2 protein chains.
Amino acid sequence: MTGITVLLVDDHLVVRSGLKALLGTQPDFDVVAEAASGEEALGLVEQHSPAVVVMDLAMGAGMDGIEAIKQLRQRNGRQAILVFTTYDSDADIVRAVDAGAMGYLLKDASPDEIFAAIRGAVQGKSVMSAPVASRLFQQLRNPDEVLTPREAELLSLLTQGLSNRELGQRLFISEATVKTHLAHIYAKLGVETRAAAIATAIRREGMR
Amino acid sequence: MTGITVLLVDDHLVVRSGLKALLGTQPDFDVVAEAASGEEALGLVEQHSPAVVVMDLAMGAGMDGIEAIKQLRQRNGRQAILVFTTYDSDADIVRAVDAGAMGYLLKDASPDEIFAAIRGAVQGKSVMSAPVASRLFQQLRNPDEVLTPREAELLSLLTQGLSNRELGQRLFISEATVKTHLAHIYAKLGVETRAAAIATAIRREGMR
DNA sequence: AGCAGCATCAGCCAAAAGGCTGAGAGACCA
DNA sequence: TGGTCTCTCAGCCTTTTGGCTGATGCTGCT
């Protein structure tokens, strides 16, 4: 009988083959395909309908991991999607879970953690690395400090180095509104200046 | 006979095993050891004296890749050191080459590039991925755009979100001087505002 | 000796950002 | 229906930042 069919999605060949080698040590895993991009992943899921999709979020070019997850969900595939990435940024975690990821693993997870996560995922269990889980809990404990969607959008543009005027133009709102949002963002991030907000955002949220 | 002995250094197990699997396909490579940290790498080099050390720069905890390279050089090992990392940040490239790296590969390099780089490294050839090389050349062509040490110091503090006043206090210079430095930095980075400078610096220089 | 680059500082003015208060419209939920 | 969010906007005032010009001392190179 075949074991748990797995699709690997990562733009780095070495990561794919490493993961494949690692999963190959377990008798119940069966890596049926590998994709280097989100687009490729969609096609291969159609083709093989694997039980689990293990996906990196940061894909060099084209569709990123989050987008790929959304697309997979829309096509009502029954795959469990497991995020496997390097960084534990708040934004990515929330967006991935939001998009429909079953678990969130960091690349420095131990082999046992990885195995357990994949096995759990097919059973509908949601598994995540400890640092990831603690971040999520923190957000649940302090909902006041979580940015609203609009604020997150602004912050993202802020980290591009835009001025208030440019932010307003880009979002079709007045400069006054921009300043209001910024004030709220600063309060939530615990900073006083736009410079510190950018620094915090990029470091904390992995916004690049 | 044994082939080219290689030590792999990367804090991610999957990357190590992926690379190992990849190098295993070539008859002339011989991965003799793997390290998950800079400290471990130093010990294993002593023990095995491999011909080539393939090293990631970003190591989770403890000694980072650059520091490990320096240490290896000081102990006058004859190993060729090859950087194998995800990001092509200006700062990292310069620091790695400065520390004594023979080559600089990005993780999305093709297998052939990787093989060629390792074989080249043992022969004393310096190999780097195309994007890396172009960055280096650009710095050579436009030395005017390279920050002075003092400017780099300021920029680094700038990315912490400090105000002009704080920068002055931290560096024991007047606010006027801070503004002068900033104006020069902006010109060299091709930006107009401090926000854009921070964004550019963190993204381009990998300042985190 | 002279020149170039670097780091330092000053003053002036305009533009941008930030702090504060208040307020209206729509969505959502108890 | 009433309360709570969220998003939107305005005005006023202070602080910060940025643009410009000019200047001094030091170092290193020619």
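Chain naming here is simple, since letters A, B, ... match the order of the sequence lines and numbering starts at 1 in each. Quick caveat: nothing in here was measured; it's all calculated off a predicted structure.
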Participant: How far apart are the C-alpha atoms of Phe84(A) and Val9(A), what are their side-chain angles, what is the distance that settles it, and do they pass the side-chain contact (heavy atoms from CB on, under 4.5 Å) test?
Facilitator: CA-CA 9 Å; Phe84(A) 184 65; Val9(A) 190; over 6 Å; no
Participant: When you measure from the side chain of Thr5(A) to the backbone N and O of Ala51(A), does any donor-acceptor pair fall under 3.5 Å?
Facilitator: yes
Participant: Could you give the distance from CD (Glu166(A)) to CD (Glu175(A)), rounded to the nearest 0.5 Å?
Facilitator: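 It comes to 10.0 Å.
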Participant: Do Ser174(A) and Thr177(A) get their side chains close enough for a donor-acceptor pair, meaning under 3.5 Å?
Facilitator: yes
Participant: Test your reading of the model: is there a side-chain donor-acceptor pair from Glu40(B) to the backbone of Ala36(B), 3.5 Å cut-off?
Facilitator: yes
Participant: Looking at Ala41(A) and Leu7(A), what are the two nearest heavy atoms and their distance?
Facilitator: O-CD2, 3.9 Å
Participant: Quick one: side chain to side chain donor-acceptor pair (under 3.5 Å) partners of Ser49(B), sequence neighbours excluded?
Facilitator: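 Ser49(B) satisfies side chain to side chain donor-acceptor pair (under 3.5 Å) with no residue once adjacent residues are dropped.
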Participant: Quick one: what's the B/S/- string for nucleotides 7-17 of chain D, heavy-atom cutoff under 4.0 Å, read 5' to 3'?
Facilitator: SBBB-----SS
Participant: For DNA chain C, note the earliest and the latest nucleotide, 5' to 3', having some atom under 4.0 Å of a heavy atom belonging to chain B.
Facilitator: dC6(C) to dA10(C)
